[in-house]
Amino acid sequence: METVAMEKDIGSTTISPEVLHKIARLTTLSVQGVSRMSTGRSALEKIFTRGDYSGVSIQLKGDQVYVDIYVILMSNFNVRDVSREIQSRISRAISEMVGLEVGGVTIHVMDIDFSA
């Protein structure tokens with residue numbers, strides 16, 4: 001006779017959108033070559049949203065997370081390399097920290113910082 005381990009349903013976990021924004025924002029800022037986040041949002045959106053979501057837009061479609069990142073990069077770094085590193089790190093961080101599948105991470109380079 002074969003035994004089957006039954007998993008007991010003990011409840012659910014809800015993840016606040018603020019958590020996903022913070023993960024994406026802090027992960028982006030940790031990438032070498034990122035000067036700072038850009039707002040990437042209209043003045044009206046800033047008025048009607050809580051928290052510091054500067055530079056991050058999150059959309060949930062089905063079971064996947066789609067992230068838009070708005071950044072200002074440093075002039076002495078390769079834009080494509082920095083962008084790919086941001087995409088990779090955000091995808092990994094969201095997958096590992098909250099267990100959600102990332103459908104895409106789109107990087108919007110809003111400006112280049114030549115002050116360095």
Side-chain angles (χ1 to χ4, degrees):
M1 186 170 194
E2 191 174 309
T3 60
V4 178
M6 299 294 281
E7 288 188 27
K8 196 168 150 182
D9 185 14
I10 58 173
S12 64
T13 301
T14 303
I15 299 168
S16 168
E18 286 91 356
V19 171
L20 297 175
H21 280 93
K22 186 165 275 193
I23 290 170
R25 181 175 166 72
L26 293 176
T27 300
T28 299
L29 291 171
S30 74
V31 174
Q32 190 174 17
V34 173
S35 175
R36 61 190 178 276
M37 304 300 287
S38 177
T39 58
R41 298 181 308 150
S42 71
L44 190 60
E45 286 177 302
K46 291 179 204 172
I47 292 170
F48 290 107
T49 55
R50 276 186 17 228
D52 183 9
Y53 298 148
S54 299
V56 180
S57 175
I58 303 278
Q59 290 184 355
L60 292 170
K61 295 180 184 175
D63 292 338
Q64 293 187 329
V65 178
Y66 292 86
V67 183
D68 283 282
I69 299 292
Y70 299 85
V71 290
I72 297 171
L73 301 181
M74 294 177 188
S75 64
N76 53 343
F77 286 85
N78 183 290
V79 171
R80 183 175 29 175
D81 292 344
V82 174
S83 297
R84 287 184 178 164
E85 184 67 19
I86 294 168
Q87 289 171 319
S88 173
R89 286 193 193 184
I90 288 176
S91 184
R92 186 176 342 113
I94 290 175
S95 295
E96 290 177 359
M97 294 176 89
V98 295
L100 292 173
E101 183 179 338
V102 177
V105 178
T106 303
I107 308 300
H108 303 270
V109 179
M110 304 304 286
D111 202 357
I112 301 293
D113 183 357
F114 288 98
S115 66

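We use all heavy atoms of the structure for the numbers below, so side chains are in, but hydrogens, waters and symmetry mates are not.
Annotation: the span from Ile112 atom CD1 to Leu73 atom CG amounts to 5.0 Å, rounded to 0.5 Å. With rounding to the nearest 0.5 angstrom, the OH atom of Tyr70 is 15.5 Å from the CG atom of Asp111. Interatomic distance, Thr27 OG1 to Ile86 CD1, rounded to the nearest 0.5 Å: 10.5 Å. Here CG of Leu100 is found 10.0 Å from CD of Gln64. Values are rounded to the nearest 0.5 Å. In this structure, Leu26 CG and Thr28 OG1 are separated by 8.5 Å, a value rounded to the nearest 0.5 Å. Rounding to the nearest 0.5 angstrom, the gap separating the OG atom in Ser57 from the CG atom in Leu20 is 11.5 Å.
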*List the steps and the verdict of side-chain contact (heavy atoms from CB on, under 4.5 Å) for Ile23 and Val98.*
CA-CA 10 Å; Ile23 290 170; Val98 295; 4.1 Å; yes

*asked:* Test side-chain contact (heavy atoms from CB on, under 4.5 Å) on Val79 and Val82; report intermediate values, then the result.
replied: CA-CA 5 Å; Val79 171; Val82 174; over 6 Å; no

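No side-chain donor-acceptor contact under 3.5 Å links Gln59 to the backbone of Tyr66.
Residues Ile72 and Ser38 have side chains in contact (heavy-atom distance under 4.5 Å, counting atoms from C-beta outward). Between Met74 and Val34, every side-chain heavy-atom pair lies at or beyond the 4.5 Å cut-off. Residues Val56 and Asp68 have side chains not in contact (no heavy-atom distance under 4.5 Å, counting atoms from C-beta outward).
When the options His108, Met110, Met37 are evaluated for a side-chain contact (heavy atoms from CB on, under 4.5 Å) with Ile69, the one that passes is Met37.
Applying the side-chain hydrogen bond (donor to acceptor under 3.5 Å, both in side chains) test to Ser83 and every residue at least two apart in sequence or in another chain returns nothing.
Every pair tested for salt bridge (Lys or Arg N to Asp or Glu O under 4.0 Å) that includes a residue from residues 92-106 fails, sequence neighbours excluded, so the list is empty. Within the structure, every pair that satisfies the salt bridge (Lys or Arg N to Asp or Glu O under 4.0 Å) test and touches residues 79-90, not counting sequence neighbours, is listed here: Glu85-Arg89.
Of all non-hydrogen atoms in Ala24 and Ile90, the two that sit nearest each other are O-CD1, 3.9 Å. Between Phe114 and Ser75, the shortest heavy-atom distance links the atoms CD2-CB, 3.3 Å. Residue Ser35 comes nearest to Asp113 through the heavy atom pair OG-OD2, 2.7 Å, listed as atom of the first residue, atom of the second, then distance.
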